[in-house]
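Comments concern the structure below.
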Amino acid sequence: MIDAALLNQILVATGMGLVGAVVFAAIGLVSGTDETTTLAPLTLLVVLLGVPPEGVFTFFLAAAVAKHMTHAVPTALLGIPGDTMATPLLQDANVLRNLGVPHIALRKMVSGAIIAAFIAVPLAVLFAVLLAPYGAAITKAAPWIFVVAAVAIAYFSSGRWASVATLVPFVMVIVALQALTGKYGVKLGISYFLGIAIGPLVADLFSVISPAARARMKRDKVRTFSLAPDVKGWSGYFPNPFKVLDRTQVKWTFATAAISSATFVFSPVAMTVVLGELVGSRIKHAYHRLTTTLAARNGVTEATYIAEALIPLIAIGLPLSPVAAGPAAPLFNAPPVFTIDAATGQTHNLHNLLNHWEFLGYGMLAVVLAALVAYPFTMNFARRAALFVSRKVSHEAIIATFVGLIVVISVWEGQLLGLLVILTMGLLGGLLSRAIGFNTGVQFMGYYTAVLTVPAAIKAFA
């Protein structure tokens, strides 16, 4: 007989997981919807609304898994990356699209994703448990680990040494803004996080009102897309991914998902590129190489996201990875519900509220829910969905929705100062990301360096 409290937790987790899977399966169909800009604010909203920990966790994970299935639709069928993680998939997907088989590319990508998700959750939990005994020491050294991790992530970003050098003035800007708002008795946390998350969006909005930038953004004709006819190669509603992929493709999907499930400090895009190149270099036949690489790479997008969120969350409770510091940041730090103490590095978040078995159980539940929602939908209705989104869905409306949500949260936290901080961080971060490759993952590490490392350094060397 299941305990009533446990049954209630499972029902809450199931409900929130379904919401996350449905919402982000739909968002994934819209090209260019960055994970940090969409997943992070909505997860933050779920946390601030007081959803129980198991519901928050299941919502986030089901949303991430579902989005990394449906982001294959615009990537394969329209030739536009569904989000940042889909960018490394675009070249191979376009080759298959030009060959007239985009539906094959789509099926390989989505099947690779669902297999990798089921592999990544138990492996990520296992690696987190192995790392957990060192959690106390890591937490004690957190202020210094953050600065090392920030430098490492900056170096492996597209900006390389420029990103490393930019960390110093970027951190100083955050410290200065904290001092300014502190003079008026306003302590901000979420506003910095949201400002960084929507940086590219803020930069685009400012560019639109600039005559010089607007002239560069203009196009002389409407962009057109070609959609190939849909060909269904299975019976029933839920196709078997192990039949969609051949034995070699399953093997490489397993291998790359296992490797990426053990890593949590490298750039997810870099992992996708590197492991994709590894797979491609082992297969001679051109068509088989393309389809196998796509399956493995989209599997890596799933596994890397899961591992980079789960391993730091379970083992340490501090956001020591690009995903943890970006899209998954509300799972670690969402004051006043989840907090990280800037002085001591002590945490009160999902790390403290769920145990290892709950992470495993609710994690697998999230993957199952995402698979039930996103996988058959993508496999059966991808063409119709892509056609509907490209013709009927207004990108401007989606952008306006997220802008409205962010304005509400910033004003709730810090009134006018909260909104000004978001605009400042968003414009600065967005322009730096566009100009020198100082991406949002590096910026989040810069934020944590400012709030953890700088106070510790001042205390140590004062």
Side-chain angles (χ1 to χ4, degrees), residues 13-30 33-36 38-40 42-43 46 54-73 75 82-86 89 106-125 238-239 241 244 253-254 256-258 260-261 264 268 271-272 295-311 313-314 321 323-324 326-328 330-331 350 359-379 382:
T14 302
M16 292 307 300
L18 276 174
V19 171
V22 170
V23 170
F24 279 89
I27 290 176
L29 296 171
V30 183
T33 48
D34 181 75
E35 298 94 334
T36 307
T38 55
L39 185 53
L42 288 184
T43 303
V46 168
E54 61 276 1
V56 171
F57 177 67
T58 313
F59 172 87
F60 170 84
L61 199 58
V65 173
K67 191 177 193 307
H68 286 126
M69 288 189 204
T70 58
H71 78 177
V73 175
T75 307
D83 50 35
T84 308
M85 290 295 293
L89 309 171
L106 176 67
R107 291 169 192 172
K108 299 294 184 181
M109 292 160 70
V110 180
S111 297
I114 189 174
I115 291 172
F118 279 101
I119 296 168
V121 170
L123 284 182
V125 173
F238 200 105
V244 176
T253 300
F254 264 85
T256 52
S260 53
S261 296
F264 67 98
M271 289 294 295
T272 305
R297 277 184 168 164
N298 206 40
V300 171
T301 70
E302 286 282 24
T304 307
Y305 241 70
I306 291 169
E308 292 204 7
L310 263 61
I311 294 176
L313 186 61
I314 298 171
S321 78
V323 172
L331 305 182
L350 293 183
F359 277 113
L360 177 60
Y362 292 126
M364 293 305 295
L365 174 62
V367 173
V368 169
L369 292 171
L372 290 175
V373 171
Y375 181 68
F377 171 77
T378 305
M379 296 292 280

Indicate the atoms forming the closest heavy-atom contact of [X] with [Y], along with that distance.
| X | Y | answer |
| --- | --- | --- |
| A120 | A303 | CB-CA, 3.6 Å |
| F60 | A309 | CE2-CB, 3.9 Å |
| A63 | L39 | CB-CD1, 3.6 Å |
| T43 | P330 | CG2-CB, 4.0 Å |
| A366 | L61 | CB-CB, 3.7 Å |
| T58 | A13 | CG2-O, 3.3 Å |

I want to check something: taking the side chain as every heavy atom from C-beta on, are [X] and [Y] in contact at a cut-off of under 4.5 Å?
| X | Y | answer |
| --- | --- | --- |
| L350 | F359 | yes |
| L42 | I27 | yes |
| E54 | L365 | no |
| F24 | F59 | yes |
| V65 | L369 | no |
| V56 | Y362 | no |
| L89 | M109 | yes |
| T378 | V73 | yes |

- request: Could you tell me the separation between the CG atom of L310 and the CG atom of L123, rounded to the nearest 0.5 Å?
  value: 11.5 Å
- prompt: To the nearest 0.5 Å, what is the distance between NZ (K67) and OG1 (T301)?
  reply: 10.0 Å
message: V125 vs I314, test: side chain to side chain contact (heavy atoms under 4.5 Å, CB included). Steps then yes/no.
response: CA-CA 7 Å; V125 173; I314 298 171; 3.9 Å; yes
Which atom pairs, donor and acceptor, lie under 3.5 Å between side-chain atoms of residues 112-119 and protein residues at least two apart or in another chain?
none

query: Under 3.5 Å, side chain of S111 to main-chain N/O of K108, donor-acceptor pair present?
result: no
message: Could you walk me through whether N298 and H71 satisfy the side chain to side chain contact (heavy atoms under 4.5 Å, CB included) test, starting with their C-alpha distance in whole Å, then the side-chain angles of each, then the deciding distance to 0.1 Å, before giving a yes or no?
response: CA-CA 10 Å; N298 206 40; H71 78 177; 2.7 Å; yes
